[in-house]
Asks: 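I am attaching a structure below and will ask some questions about it afterwards.
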Amino acid sequence: MKRTLFSDEHEQFREMVTAFFSNEAVPHLREWEEAGRVDRGFLRRAGELGLLGFQVPVEYGGAGLDTFTYNVVVSEAAAALHFVPVTLRVHTDIVLPYFLAYADDVQRERWLPRLASGESIAAIAMSEAGTGSDLAGIRTRAVRDGDHYLLNGAKTFITSGITADVIIVVARTAEEENRRDGLTLLVVEDGMNGFSRGRNLEKLGLRYSDTAELFFEDVSVPVANRLGEEGKAFGYLSSNLPQERTSISVGAVSMATAALVGTVAYAKEREMFDTTLASFQNTKFVLAEVATEIEAAQHMLDRAVTELDARTLTPADAAKVKLFCTEVQSRAVDKCLQIHGGYGYMRDYDISGMYADARVTRIYGGTSEIMKIIIARSLGL
Ligand SMILES: Cc1cc2nc3c(=O)[nH]c(=O)nc-3n(C[C@H](O)[C@H](O)[C@H](O)COP(=O)(O)OP(=O)(O)OC[C@H]3O[C@@H](n4cnc5c(N)ncnc54)[C@H](O)[C@@H]3O)c2cc1C
């Protein structure tokens with residue numbers, strides 16, 4: 001069914017991004033996997049091409065757009081080439097919105113131009129070893145001391161934890177009866193005394209992106225590095241999570257689509273029993289089911305993007321979209337891998353990487369179970 005999200009300008013932009021990824025990402029993916037992170041030069045080029053600051057105001061070096069649809073095109077263009085632009089996506093879709101919404105004028109001047117150009121890459125550190133789903137259980141502490149906060153604690157599973165120059169750290173600044181109160185956003189910068197990075201964690205998939213532990217030992221963070229008001233971070237996180245969940249859903253549906261397209265082509269080529277794999281009724285039925293689920297997910301998702309742009313996407317609706325789209329992706333890549341037989345398990349075939357990469361989308365950005373809790377709450381349960 002026809003999608004209505006994009007104009008001719010989006011399609012021209014898609015061609016440009018596809019050419020950029022084909023020339024400057026795809027040939028290096030194995031190299032980046034071995035290094036456990038993408039090349040810094042690639043990120044700078046992405047900045048030069050304007051891929052890092054769609055919503056950053058023009059005066060700070062961005063495009064000043066008021067729509068998420070160009071972010072969607074970037075993820076879709078990468079998925080069509082069988083990779084997930086994790087580092088870019090976390091920077092643009094997940095972390096930048098906090099700077100755009102909560103930075104004051106001085107902070108905007110200081111950070112936005114560097115974030116739009118790729119001179120600075122951003123990450124967000126919420127999760128800790130003892131608390132992932134239960135965000136209100138954050139133990140990293142920041143104690144105000146004059147014009148500084150003294151930050152102590154540790155974070156884990158932080159995307160771009162090795163690469164990032166600026167990291168928004170969610171820290172507890174007060175013990176309140178309601179655990180959701182008393183959390184604050186502090187921007188930790190590369191080189192601050194007492195800030196160190198741990199291991200680049202070994203992952204099942206997305207091996208070309210870095211995911212790290214971070215440690216804070218008496219890090220003196222200037223009050224000038226606080227984003228927004230003290231104690232208000234839980235509310236800020238809740239209002240930005242619908243965009244994060246939409247972004248993950250875009251990656252999920254576009255990767256499921258790429259898996260389907262690749263599997264249809266494979267099934268037509270693979271010969272056996274004097275015929276092709278595509279000729280079996282099972283192949284047709286399985287891929288018909290995959291196509292139908294993707295179609296449903298795509299239209300639900302496109303509607304969510306429209307609502308995100310209109311600022312009407314509710315947390316419960318974003319949770320429904322993430323739950324559905326990521327579960328569709330998981331079923332799709334599993335079925336597509338099965339159609340490939342043993343070849344699907346080999347790294348020479350991209351479907352094996354898609355399978356490994358897909359597994360995390362039901363976990364990060366809030367697990368499927370947490371999505372169900374949010375949805376159930378909206379039902380009054
Ligand atoms: C590759 C990767 C990248 C990540 N990037 C980042 C990042 O950049 N920044 C960041 O802050 N975090 C990041 N994370 C962390 C991610 O958001 C968490 O892993 C996720 O929220 C789940 O938390 P957890 O791992 O602690 O699991 P847990 O919270 O320990 O969950 C374990 C299980 O318990 C279930 N569960 C939890 N609570 C309930 C409940 N109330 N009812 C029923 N079941 C429940 C969960 O659904 C899950 O199945 C990343 C994680 C991964 C794997």
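Just follow the structure's listing: the first ligand is 1, and inside any ligand the first atom is 1.
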Asks: Between ligand 1 and the protein, which N/O pairs fall short of 3.5 Å?
Replies:
| unit_1 | atom_1 | unit_2 | atom_2 | d |
| --- | --- | --- | --- | --- |
| ligand 1 | 5 (N) | Phe157 | O | 2.8 |
| ligand 1 | 5 (N) | Thr159 | OG1 | 2.8 |
| ligand 1 | 8 (O) | Thr159 | N | 2.9 |
| ligand 1 | 8 (O) | Thr159 | OG1 | 3.3 |
| ligand 1 | 9 (N) | Ile124 | O | 2.9 |
| ligand 1 | 11 (O) | Met126 | N | 2.8 |
| ligand 1 | 11 (O) | Ser127 | N | 2.9 |
| ligand 1 | 11 (O) | Ser127 | OG | 3.3 |
| ligand 1 | 12 (N) | Ser127 | OG | 2.7 |
| ligand 1 | 14 (N) | Phe157 | O | 3.3 |
| ligand 1 | 23 (O) | Ser133 | N | 3.3 |
| ligand 1 | 26 (O) | Gly132 | N | 3.4 |
| ligand 1 | 29 (O) | Ser133 | N | 3.0 |
| ligand 1 | 29 (O) | Ser133 | OG | 2.6 |
| ligand 1 | 47 (O) | Thr367 | OG1 | 2.6 |
| ligand 1 | 47 (O) | Glu369 | OE1 | 2.7 |

Asks: Is it the case that the ring center of Phe215 lies less than 6.0 angstrom away from the ring center of Phe195?
Replies: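 Between Phe215 and Phe195, which both carry aromatic rings, the centre distance is not below 6.0 Å.
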Asks: Salt bridge (Lys or Arg N to Asp or Glu O under 4.0 Å) with Glu15: which residues, sequence neighbours excluded?
Replies: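 With neighbours one apart ignored, the set is empty.
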Asks: Could you work out, with side-chain contact (heavy atoms from CB on, under 4.5 Å) as the rule, every residue matching Glu119, not counting sequence neighbours?
Replies: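 Checked Glu119 against side-chain contact (heavy atoms from CB on, under 4.5 Å); matches are Arg44, Arg114, Ser117.
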Asks: Check the angle between the aromatic planes of Phe42 and Trp32 and answer parallel, tilted or perpendicular using the 30° and 60° thresholds.
Replies: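 Phe42 vs Trp32 ring planes: tilted.
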Asks: Could you check whether the rings of Tyr266 and His340 sit parallel, tilted or perpendicular, using 30° and 60° as the cut-offs?
Replies: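 The arrangement is parallel - the two ring planes meet at less than 30°.
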Asks: Among all residues two or more places apart in sequence or in another chain, which pass the salt bridge (Lys or Arg N to Asp or Glu O under 4.0 Å) test with Glu76?
Replies: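 Counting only residues at least two positions away or on another chain, Glu76 forms a salt bridge (Lys or Arg N to Asp or Glu O under 4.0 Å) with Arg3, Arg14.
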